[in-house]
Amino acid sequence: MLEAEPTRGRMRTSRGWERLQPPARARWFLALSGVLTAVMIASSLSVLEELWWEETYTIVYAVLGVAALLELLPVRRLLRLVLQAVAVAVILVQLAPVDWSLLPRPAEIGLGESVRAAATLLHPFWEIALAVWAVHAMFAAWNRARIRIVGFTTVNLLVLAISDSFTPIYLWDSVAIVVFAGLVWLIAEHYAGFQQRHPVSWRRLLRYPLQLLLPIVLVLSLVMAAGLAAPEIPPLLKDPYTAWQESRGVAVQNFVGDKGIAPASSKKSAKSGYSRDDSKLGGGFNFDYSPVMEVSSTHKSYWRGETKDYYSGEGWKASEAISSPFDLPLGTDLGDRPDIAGAETVMVDQTFTMLRKDKFPVLFAAPSVRSLKPPEREDGSRMRVLYDSRTEKLMPDPGGNAYPSSYTIRSEQVVLSEELKAAPAIMETGMISDYYRQVPSKTPSRVADLAREITAGAATDYDKAKAIETYLSTTFPYTNEPDLTKKKSADFVDSFLFEIQEGYCDYFSSAMAVLARSAGLPSRWVKGYASGTGTVDPEAMMRGGREAAERMDRDGADTYTVRNSDAHSWVEIYFEGYGWIPFEPTPGFAFPYASAAAEAAPEPSLAPEPSAAPDATEAPAEAAGPLVPRWLGWTGLGLFAAAAAALAFLRRDWLAARWRGYRTRSLTAEQRIVWETERLIRSARRHGLAKAEHETLREAVERWSGQRRFLKQELGEVLGLFERTKYGGRPATREEADSYAAKVRELSGRLRSPG
């Protein structure tokens with residue numbers, strides 16, 4: 001026979017008193033927890049954007065989506081897990097980029113060997129899919145209490161915030177999703193707890209669903225609207241790492257990659273660096289002076305990454321019809337360039353040494369590549385490289401995950417000459433010249449009108465190109481934060497030329513490419529890096545006299561440190577018999593053209609280059625090298641902090657006792673009892689047991705005993721100790737104060753209504 005005694009939160013059985021288990025959480029809350037867990041995991045996985053293939057993302061998001069949907073089924077958890085496992089297997093079979101015709105039939109090799117062969121074909125997709133599913137299943141079952149929900153949300157936000165600061169990926173959309181999901185989750189937990197403690201009131205509340213949902217929707221809408229409408233302001237406080245590094249005169253680096261220019265649709269400013277997507281240009285950026293690579297070259301140059309021909313009105317893309325990549329055989333010399341048979345050229349030898357573990361989509365080189373010494377892998381084998389002769393683009397093995405740490409290239413640059421300046425800017429029909437003259441039909445006519453106006457007095461095509469270059473570099477100012485509020489036109493170049501009228505390299509180079517095409521000159525848009533900083537500062541050379549001058553090679557032979565701030569774009573125009581010739585329309589920049597032996601190199605612009613890093617960030621090459629040890633150090637510090645946090649959580653009661661002892665160390669025994677009583681009153685108020693100002697403690701305790709009958713004895717004991725201390729006529733001892741504090745702590749933990 002069972003005899004329940006809810007007033008004590010326990011029941012009496014044949015084995016004695018046993019604590020009552022709280023009622024289970026509502027099924028709707030458990031299902032919602034599974035869905036929101038999947039949403040947060042999917043948002044946090046966006047930090048792997050530069051590491052995972054698109055197929056991997058498709059599989060992972062499909063696994064999370066199906067797992068979240070199956071959480072909604074009103075079946076036992078074990079059955080849901082079985083269904084999720086089956087769904088993961090189906091997703092892998094359907095979505096993994098696997099040629100199943102390569103799999104032998106089970107009848108031929110046996111079931112076990114067939115399973116192993118399938119696992120080999122699905123590697124690494126099945127490992128990633130199972131890991132993501134296991135993480136989701138674990139946290140969906142674990143995230144039931146408020147403290148766990150807050151902790152899980154906080155961890156996701158920290159991952160996204162840190163990754164957004166130190167990677168090339170824009171993660172604020174993911175941050176917004178996690179914040180919104182966390183708010184919804186906490187509201188749901190509150191109502192689930194209300195349903196758990198007050199089932200009768202919950203059923204009454206459900207009779208008025210509009211009154212239940214309207215405040216929730218209103219609060220969430222106001223919070224998200226305030227976040228979207230808030231103006232962008234610099235941070236008031238810097239994180240400790242940034243503050244420490246900057247106090248030492250060191251620029252904070254991006255450890256995983258470079259952030260490209262923010263898209264025009266974004267009002268956020270990114271950090272400078274090599275952009276991965278140029279289909280929508282615009283926005284602004286902040287200079288990031290962290291080093292990317294060192295280039296030892298026989299001539300100073302720009303380091304070209306890739307060229308693009310199709311202008312959409314918003315940005316640049318590469319036409320597939322122009323691209324024709326092929327495997328570059330080991331040590332192959334590309335031979336003579338047929339399009340520059342009569343031009344005077346200079347060979348430029350370069351060795352690139354990457355200073356970080358970034359994986360770029362291209363190999364960089366001075367224009368134009370003649371031969372490549374294929375880079376080596378860690379095991380000593382040669383790395384596969386693709387070369388596109390039409391776009392002059394070098395690509396590391398598309399199927400590999402590694403980027404070469406060092407590689408050597410020989411380039412051939414055309415020397416500027418009077419013959420070149422008289423050459424026509426035309427291409428042979430077989431070279432699909434129409435692609436390099438394309439301008440969108442929706443581009444406003446005033447762009448073409450301006451091109452004709454600028455080039456009206458030019459005698460040759462080269463003069464036309466220089467006229468456009470000079471007009472842009474002398475008419476519009478350089479800024480890394482253009483005022484986008486002036487933008488009205490949908491066309492990127494049109495809005496720059498006639499509305500914004502300020503910008504950085506992408507604005508100037510895009511404008512020159514479009515103006516050149518409007519003037520009949522075949523052009524293409526180029527991006528890569530400017531030269532960087534050599535080992536000899538020109539100003540120091542001027543101050544150092546002859547000795548410093550002897551160290552400076554006339555052609556710019558030096559080792560250059562290239563930084564994120566040197567990421568740049570410019571223009572190339574095709575001249576018959578000379579090929580693609582670079583032009584630099586951005587103010588403060590000057591392309592270092594190769595010069596003949598008897599000629600002096602062109603003088604650079606006197607305006608300071610915006611990409612130059614401040615002196616405080618300059619560091620010798622050795623300073624940029626030990627990034628991995630620095631990572632290890634910070635990783636060790638993070639693990640130590642995590643271990644300390646875990647230990648503090650496990651010893652939280654002991655730490656709380658030490659903290660209370662520290663706070664009450666200067667109080668007498670009577671003062672401590674009064675202090676503990678006030679703490680009990682505050683705790684009771686949080687649990688619905690308020691003490692009115694006119695009430696004595698006895699009156700309040702008697703009323704509380706009626707509301708919490710299962711605590712009547714404990715409340716009476718605490719009241720008796722308090723009154724004996726206050727009215728007993730003798731001083732209390734420290735032992736009595738300790739006993740009173742222990743009873744107050746025990747009582748405070750049981751004030752919640754049992755529901």
Without hydrogens or angle criteria, can the side chains of N156 and S44 be said to hold a donor-acceptor pair below 3.5 Å? yes
Please report the shortest heavy-atom distance between G34 and A140, naming the atom on each side. CA-CB, 3.9 Å
Measure the spacing between OG of S46 and OH of Y61 and express it to the nearest 0.5 Å. 6.0 Å
Test side-chain contact (heavy atoms from CB on, under 4.5 Å) applied to W185 and M40, step by step: CA-CA 11 Å; W185 208 344; M40 288 197 180; 3.9 Å; yes
When rounded to the nearest 0.5 Å, the distance separating CH2 of W704 from CD of E702 is 12.0 Å
Could you go through the side-chain contact (heavy atoms from CB on, under 4.5 Å) check for I41 and V135 one step at a time? CA-CA 9 Å; I41 293 175; V135 170; 3.9 Å; yes
Would you compute the distance between atom CG of D277 and atom NZ of K317 and round it to the nearest 0.5 angstrom? 8.5 Å
State, yes or no, whether a side-chain contact exists between L79 and L73 at a heavy-atom distance under 4.5 Å. no
Who are the side chain to side chain contact (heavy atoms under 4.5 Å, CB included) partners of V66, not counting sequence neighbours? L70, A87, I91
In terms of heavy-atom contacts, A137 and L81 come closest through CB-CD2, 4.0 Å
Using 0.5 Å steps for rounding, measure from the CD1 atom of I162 to the CG atom of L158. 5.5 Å
Any residue meeting ring pair (Phe, Tyr, Trp, His ring centres under 6.0 Å) with F152, in chain and number order, not counting sequence neighbours: F139
Which heavy atom of A85 sits nearest to which heavy atom of W133, and what is that distance? CB-CH2, 3.6 Å
Is the backbone of F29 close enough, under 3.5 Å, to the side chain of Y191 for a donor and an acceptor to pair up by distance? no
Separation between CH2 (W142) and CD1 (I149), nearest 0.5 Å, reads 10.0 Å
Could you give the distance from CD (E678) to CD1 (I681), rounded to the nearest 0.5 Å? 7.0 Å
Looking at every heavy atom in both W28 and Q195, which two are closest together, and how far apart are they? NE1-OE1, 2.8 Å
V88 pairs by side-chain contact (heavy atoms from CB on, under 4.5 Å) with which of V86, V90, L92? L92
Least distance between heavy atoms, A62 atom then L95 atom: CB-CD1, 3.8 Å
Where the side chain of R144 meets the backbone of L30, is there a donor-acceptor pair that is under 3.5 Å apart? no
For Y403 and V362, work out which heavy atoms get closest and say how close. OH-O, 2.6 Å
Show your reasoning for whether side-chain contact (heavy atoms from CB on, under 4.5 Å) applies to S174 and V47. CA-CA 9 Å; S174 299; V47 304; over 6 Å; no
Keeping R27 on the side-chain end and P74 on the backbone end, is there a donor-acceptor pair under 3.5 Å? no
Can you spot which of V178, V179, I177 makes a side-chain contact (heavy atoms from CB on, under 4.5 Å) with V175? V179
Side chain of Q84, backbone of A67: donor and acceptor closer than 3.5 Å? yes
